[in-house]
Amino acid sequence: MTKSVNINIVLLGPPGAGKGTQAELLNREYGLVHISTGDLLRESVKEGSETGRKIAEYMENGDLVPDEIVTKSLIERMQKPDAREGVMLDGYPRNKAQAESLEQALSASGKKVDLVLYFKTSEEVAVDRLSGRRVCPGCKKNYHVTNMPPKNDMICDKCGVELIQRKDDNPETVKKRFNVYQDRTKDLVEHYSDKNILCEMDGDLSAEELFDRISDLFKDKGLVDDASTG
Ligand code: AP5
């Protein structure tokens with residue numbers, strides 16, 4: 001049986017820190033509902049609306065999508081029934097204004113951000129990971145050409161679909177995303193540290209080691225629901 005953890009968690013870290021990868025592992029082990037604003041925005045792009053076309057331009061340039069668009073999309077997602085018991089946010093907030101919007105949205109229903117996992121990752125490691133990342137267009141599972149290859153050449157293990165490379169994973173856009181992270185998102189480390197909810201983790205570890213560290217942290221903090229432990 002899946003163990004359960006029912007709190008609101010923010011995953012913080014630069015592009016390529018492994019937020020999506022850990023989110024998938026944490027969802028599988030603890031049932032935490034994974035909400036990725038990158039995925040929500042990519043879905044809007046696929047719909048092909050005027051807003052979707054605007055979003056695509058920002059993303060392909062490595063810029064942040066305007067706050068009002070992302071926040072609206074996030075809040076709509078958080079209102080779905082599966083998000084009631086807690087969520088794991090991947091890619092939101094990315095600046096102080098978004099952190100405040102999130103706090104307001106949660107406090108309206110008597111909730112708060114309970115824990116921030118900050119994956120501190122060197123630029124060198126992250127760039128290597130992003131240049132080798134391949135993604136399943138169906139289930140969104142992440143792979144890496146050498147670190148985490150699929151069992152069969154460039155085919156998703158789960159869906160049997162051919163993997164793709166994200167448009168924003170080219171070297172020029174990756175560099176831009178890093179600069180945007182340094183300018184806009186890094187301040188959030190201090191913001192959450194001041195609130196005493198930031199846990200810094202070594203993002204350069206292997207995915208398995210990092211997952212084990214997070215699991216230990218959950219146990220130390222008494223967050224794992226023993227009643228459902230199988
Ligand atoms: P988003 O999709 O959120 O991208 P990101 O934040 O740049 O993060 P990534 O998905 O690139 O990295 P990750 O940390 O999830 O790493 P992953 O696990 O995939 O955002 C894309 C764009 O959307 C933004 O640029 C912006 O335009 C827009 N956007 C999104 N949210 C927004 C917001 N709130 N406001 C405004 N705009 C917003 O891993 C990377 C690779 O490494 C994979 O290949 C994986 O297999 C491998 N790997 C992972 N962990 C390890 C490990 N420990 N060891 C070895 N390999 C590993």
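In listed order, ligands and their atoms are each counted from 1.
Looking at Leu130 against ligand 1, only its side chain comes within 4.0 Å, counting heavy atoms. Here Asp63 has backbone heavy atoms under 4.0 Å from ligand 1, and that is the only part of it that gets that close. Contacts of Thr21 with ligand 1, taken as heavy-atom pairs under 4.0 Å, involve both backbone and side chain. When heavy-atom distances to ligand 1 are checked against a 4.0 Å cut-off, Pro15 comes that close through both its backbone and its side chain. With a 4.0 Å cut-off on non-hydrogen atoms, Asn147 touches ligand 1 through its side chain and not its backbone. The proximity of Asp169 to ligand 1, defined as any non-hydrogen pair under 4.0 Å, does not occur for either the backbone or the side chain.
In the vicinity of Gln98, heavy-atom distances shorter than 4.0 Å reach the ligand 1 atoms 33 (C), 34 (N), 35 (N), 36 (C). Per-residue contacts place Asn142 under 4.0 angstrom from the following atoms of ligand 1 (heavy atoms of the residue considered): 17 (P), 18 (O), 19 (O). Less than 4.0 angstrom separates some heavy atom of Gly20 from each of these atoms of ligand 1: 13 (P), 15 (O), 18 (O). Every atom of ligand 1 with a heavy atom of Arg177 under 4.0 Å away is listed here by number and element: 4 (O), 5 (P), 7 (O), 9 (P), 11 (O), 25 (O). Listed by atom number, the atoms of ligand 1 under 4.0 Å from Val70 heavy atoms are 33 (C), 34 (N), 35 (N), 36 (C).
Across all their heavy atoms, Gly52 and Val45 have their closest contact at O-CG2, 3.6 Å. Across all non-hydrogen atoms, the minimal contact from Ala17 to Thr121 is CB-OG1, 3.4 Å.
Salt bridge status for Asp82 with Arg84: absent, with no side-chain N to carboxylate O gap under 4.0 Å. Using a cutoff of 4.0 Å between basic side-chain nitrogens and carboxylate oxygens, Glu57 and Lys54 are not scored as salt-bridged. Salt bridge Asp216/Arg213: absent, no basic N to carboxylate O contact under 4.0 Å. Classification of Glu43 and Lys140 as a salt-bridged pair holds, one side-chain N sitting under 4.0 Å from a carboxylate O.
Counting only heavy atoms from C-beta outward, the side chains of Pro150 and Ile155 never approach each other to under 4.5 Å. Within the 4.5 Å cutoff, the side chain of Ser101 has no heavy atoms near those of the Asp67 side chain. The side-chain heavy atoms of Lys141 and Glu24, taken from C-beta on, include a pair separated by under 4.5 Å. The shortest distance between side-chain heavy atoms of Cys156 and Leu163 falls below 4.5 Å.
For atom 5 (P) of ligand 1, the closest non-hydrogen atom of the protein is Arg94 NH2, 3.3 Å. For atom 2 (O) of ligand 1, the nearest non-hydrogen atom of the protein is Arg42 NH2, 2.9 Å. Of the protein's non-hydrogen atoms, the one nearest atom 53 (N) of ligand 1 is Leu205 O, 2.7 Å. Considering only non-hydrogen protein atoms, atom 19 (O) of ligand 1 sits nearest to Arg133 NH1, 2.6 Å. Atom 43 (C) of ligand 1 has Tyr143 O, 3.7 Å as its closest protein atom, hydrogens excluded (heavy atom only).
Residue-ligand proximity: Ala17 is placed with a non-hydrogen atom under 4.0 Å from ligand 1. Taking 4.0 Å as the cut-off, Gly13 does not count as a neighbour of ligand 1 on heavy-atom distance. For Leu210, the heavy-atom gap to ligand 1 stays at 4.0 angstrom or more.
Side-chain contact check for Ser215 and Tyr30: at least one donor-acceptor pair (N or O, by modelled atom type) lies under 3.5 Å.
Considering each of Met59, Arg184, Glu60, the one bringing a non-hydrogen atom nearest atom 23 (O) of ligand 1 is Met59. The heavy atom nearest to atom 52 (C) of ligand 1, considering only Lys141, Arg129, Glu209, Arg166, is found in Arg129.
Formation of a donor-acceptor pair under 3.5 Å by the Asn147 side chain with backbone atoms of Arg129 is not found in this model.
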Check residues 170-180 and write down every donor-acceptor pair under 3.5 Å in which the side-chain atom is one partner and the other belongs to a residue at least two apart or another chain.
from, atom 1, to, atom 2, distance (Å)
Asn170, OD1, Glu172, N, 3.2
Asn170, OD1, Thr173, N, 3.0
Asn170, OD1, Thr173, OG1, 3.0
Asn170, ND2, Lys167, O, 2.9
Asn170, ND2, Thr173, OG1, 2.9
Lys175, NZ, Glu123, OE2, 3.3
Lys176, NZ, Asn61, O, 3.4
Lys176, NZ, Asp63, OD1, 2.8
Arg177, NH1, Asp168, O, 2.6
Arg177, NH1, Asp169, OD1, 3.0

